[in-house]
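Encoded as structure tokens, the structure appears first; notes follow it.
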Amino acid sequence: MDKDTSSTIRRAEHFKVVLIGEGVIVGGIAGFVVILYRMILEFADDTLKQVLNFIADHPLRIAGWFFILIVLAWIVGKLVSAEPMISGSGIPQLEGEMIGKLDQNWWKVIGGKFLGGFLCLLGGMALGREGPSIQLGAMAGKGVSKGLERGKTEEKFLLTCGASAGLAAAFHAPLAGVMFSLEEVHKNFSVSVLMSVMASSLTADFLASTVFGMTPVFTFDIVKPLPVQYYGMILLLGGLLGLLGAFYNWFTLKVQSLYNHAKFLNTTTKLVIPFICAGILGVTAPELLGSGHKLIEYLTNVDVLLSTIIFIFISRFLFSAICFGSGAPGGIFFPLLVLGGFIGGVFATAGVQYFGMDAVYINNFVVLAMAGYFSAIVRAPLTGIILIFEMTGSLTQMLSLSIVSIIAYIVATLLESKPIYESLLERLLLKQEEVLQGEREEKKKEAACGHKILTNFVVQYNSALNETLISEIKWPENCLVVSVQRGVREIIPRGTTRLQVGDVIVMLMDERDMARVHDVMEKLCASKDYFTSEQ
């Protein structure tokens, strides 16, 4: 179905109502897909435990298991080679698609991610289900868009709905699903997308709760809220988390670079390394395998020695980096929460042993460190706060969670550490540039123009557009300002219209120009320096 200018604008007039209904549909389908994914991952985890029990203290069986691990690495390598978009967590791929720089084949990604994620967890890799769940949900949304023959404008909304549903179904965290989709994926808080994303997220969470129950992901106790006299320690913890979060980003990217620059490694042999490491740990320290959920339960329910907590943290840190850097299909979302929890465990246990802190507050610091570490690494503090609140089922820590997240965010920003998904996307786009260039040239040959897309941009506080007339602005080529949304009002743009902070600029462009216009407008809406340099 051709999506020309008039049909795109007419369709947008009914977005608020239409998208809520479509959000429910996407939430149902995405929720179903992610529920199946969770079920096969649980089966993989149970199977791995049985295998490790079976091979224990039997050299021939252990040798046979290592052979199987190499076969698993070969299969996953073939899957990644056949569909490169299943590599890693999937969140950078989704963000790349949202800005028009990537185009994923939804059904290939779903199939490849399902099988690849299953095999990786069966092998014991330290990878999470949340990133893949977000990508699977988004691809389900794209499948709905293709099935209903929606245009690119609406498809972006449905991708966002699917991502929200994926996180909600993965973690029983519908509010975090909404916030992550708006804060990290869509990067826009318009009413249209908010209502549709909420509908999608709640639908997926309802389905997941029906299958898995209402129990929070983490079931440890927070005996009582942290007293005010400990808030100085929260500031110290936030600074530490910001520093360690910046190091995590650097180290993760460094390991990935080492894999990529090793000329003797191809896609398959890269994966052999973490699978073999998982085999060694399976024989020597099986508790370090998998996503790490059991480790958090162990940390928060058992009196653990400080030296043991430090050992587990360092081991998991290195193993997680080795697994993710290889390009295996799996996320870092949950593993980094586990690492954050252990940083909090080290911090609090040291406080108990050396500074006389009451041991009853160790779990409080574990929770705080999860949120702060997430905020420093992903740079999405609101999502981190809401996610930890939903995953633990505790409302007593909202103030302290907010403080530690803000401090960690500030420190990581001052250290000039880029958000991890932004860095991963940049690397992904560099690898895809030749392919994308060829595809763009093909599209140009096929047609003079493609589908029309409506995209929103928000005028930020330090923007060049603030208090500037529309006629005075040097807009990107091949795009049209069709509307300015100011609060609940919609303003028809004229040359004499003066833009203000918080205005949502609705722009119409051709599909082929989307990536270029997006890059220009992001800079224009955020910086006065960019506007000045263009004069």
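Each residue takes its place number in the sequence, starting with 1.
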Subject >> Set of residues satisfying ring-ring contact (aromatic ring centres under 6.0 Å, His included) with respect to F247, sequence neighbours excluded >> reply: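 W250, F251, F317.
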
**OP:** Fit a plane to each ring of F374 and F333, take the angle between them on a 0 to 90° scale, and name the class: parallel (under 30°), tilted (30 to 60°) or perpendicular (over 60°).
**Re:**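 If you compare the ring of F374 with that of F333, the planes turn out tilted.
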
Original post:
What class does the angle between the rings of F457 and H518 fall in, given that below 30° is parallel, 30 to 60° is tilted and above 60° is perpendicular?
Top reply: tilted

If you round to the nearest 0.5 Å, how far is [atom2] of [Y] from [atom1] of [X]?
X	Y	atom1	atom2	value
S201	M179	OG	CE	11.0 Å
C161	E22	SG	CD	8.5 Å
T268	K78	OG1	NZ	5.0 Å
S320	L318	OG	CG	9.0 Å
L480	M507	CG	CE	7.5 Å
I453	C479	CD1	SG	12.5 Å

Original post:
Looking just at side-chain N and O atoms, do S257 and R427 make a donor-acceptor pair shorter than 3.5 Å?
Top reply: yes

Subject >> Between T269 and N266: side-chain donor-acceptor atoms closer than 3.5 Å >> reply: yes

Which donor-acceptor pairs under 3.5 Å do the side chains of residues 375-389 make with protein atoms, sequence neighbours left out?
from, atom 1, to, atom 2, distance (Å)
S375, OG, S405, O, 3.0
R379, NE, A376, O, 3.2
R379, NH1, T413, OG1, 3.4
R379, NH1, S417, O, 3.0
R379, NH2, A376, O, 3.4
R379, NH2, S417, O, 2.2
T383, OG1, F180, N, 3.3
T383, OG1, E183, OE1, 2.7

Determine yes or no for a side-chain-to-main-chain donor-acceptor pair under 3.5 angstrom, with [X] supplying the side chain and [Y] the backbone.
X	Y	answer
D510	D513	no
Y37	G117	no
N260	Q256	yes
R38	F171	no
S145	G141	no
Q485	V504	no
K418	S423	no
S164	G177	yes
S133	R129	yes
Q93	Q135	no

Over all atoms of both residues, closest heavy-atom pair of [X] and [Y]:
X	Y	result
L271	S326	CD2-OG, 3.6 Å
L167	A176	CD2-O, 3.7 Å
G290	R316	O-NH1, 2.7 Å
K113	G90	NZ-N, 3.8 Å
C120	V76	SG-CG1, 4.2 Å
L48	G124	CD2-CA, 3.6 Å

Could you tell me if the side chain of [Y] sits less than 4.5 Å from the side chain of [X], heavy atoms only?
X	Y	result
Y421	S89	yes
R150	V144	no
L253	L424	yes
L524	M521	yes
E130	I91	no
L207	I35	yes
E477	R516	yes
F319	L289	yes

Subject >> F212 atom CZ: more than 12 heavy-atom contacts under 6.0 Å >> reply: yes

**OP:** Flag yes if more than 12 heavy atoms outside W74 fall under 6.0 Å of its CH2 atom; otherwise flag no.
**Re:** no

Original post:
Could you walk me through whether V484 and V506 pass the side chain to side chain contact (heavy atoms under 4.5 Å, CB included) check?
Top reply: CA-CA 6 Å; V484 176; V506 183; over 6 Å; no

Subject >> Pairwise salt bridge (charged side-chain N to carboxylate O under 4.0 Å, His left out) hits with a residue in residues 83-99, at least two apart >> reply: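 Sorted result for residues 83-99: E97-K142.
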
**OP:** Check step by step if side chain to side chain contact (heavy atoms under 4.5 Å, CB included) holds for V18 and E154.
**Re:** CA-CA 10 Å; V18 172; E154 207 158 336; 3.8 Å; yes

**OP:** Assert yes or no for the condition that the ring centre distance of F66 to F275 is strictly below 6.0 Å.
**Re:**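 No, ring centres 6.0 Å or more apart.
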
Original post:
Between D519 and K523, is there a salt bridge with N-O shorter than 4.0 Å?
Top reply: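 Not counted as a salt bridge, because no side-chain N and carboxylate O are separated by less than 4.0 Å.
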
**OP:** Start with the C-alpha gap between L121 and L127, add the side-chain angles, then the distance that decides, and say whether side chain to side chain contact (heavy atoms under 4.5 Å, CB included) holds.
**Re:** CA-CA 7 Å; L121 193 57; L127 298 170; over 6 Å; no

**OP:** Report the C-alpha distance between I322 and Y259 in whole Å, list the side-chain angles of each, state the deciding distance to 0.1 Å, and finish with yes or no for side chain to side chain contact (heavy atoms under 4.5 Å, CB included).
**Re:** CA-CA 9 Å; I322 291 171; Y259 272 110; 3.3 Å; yes

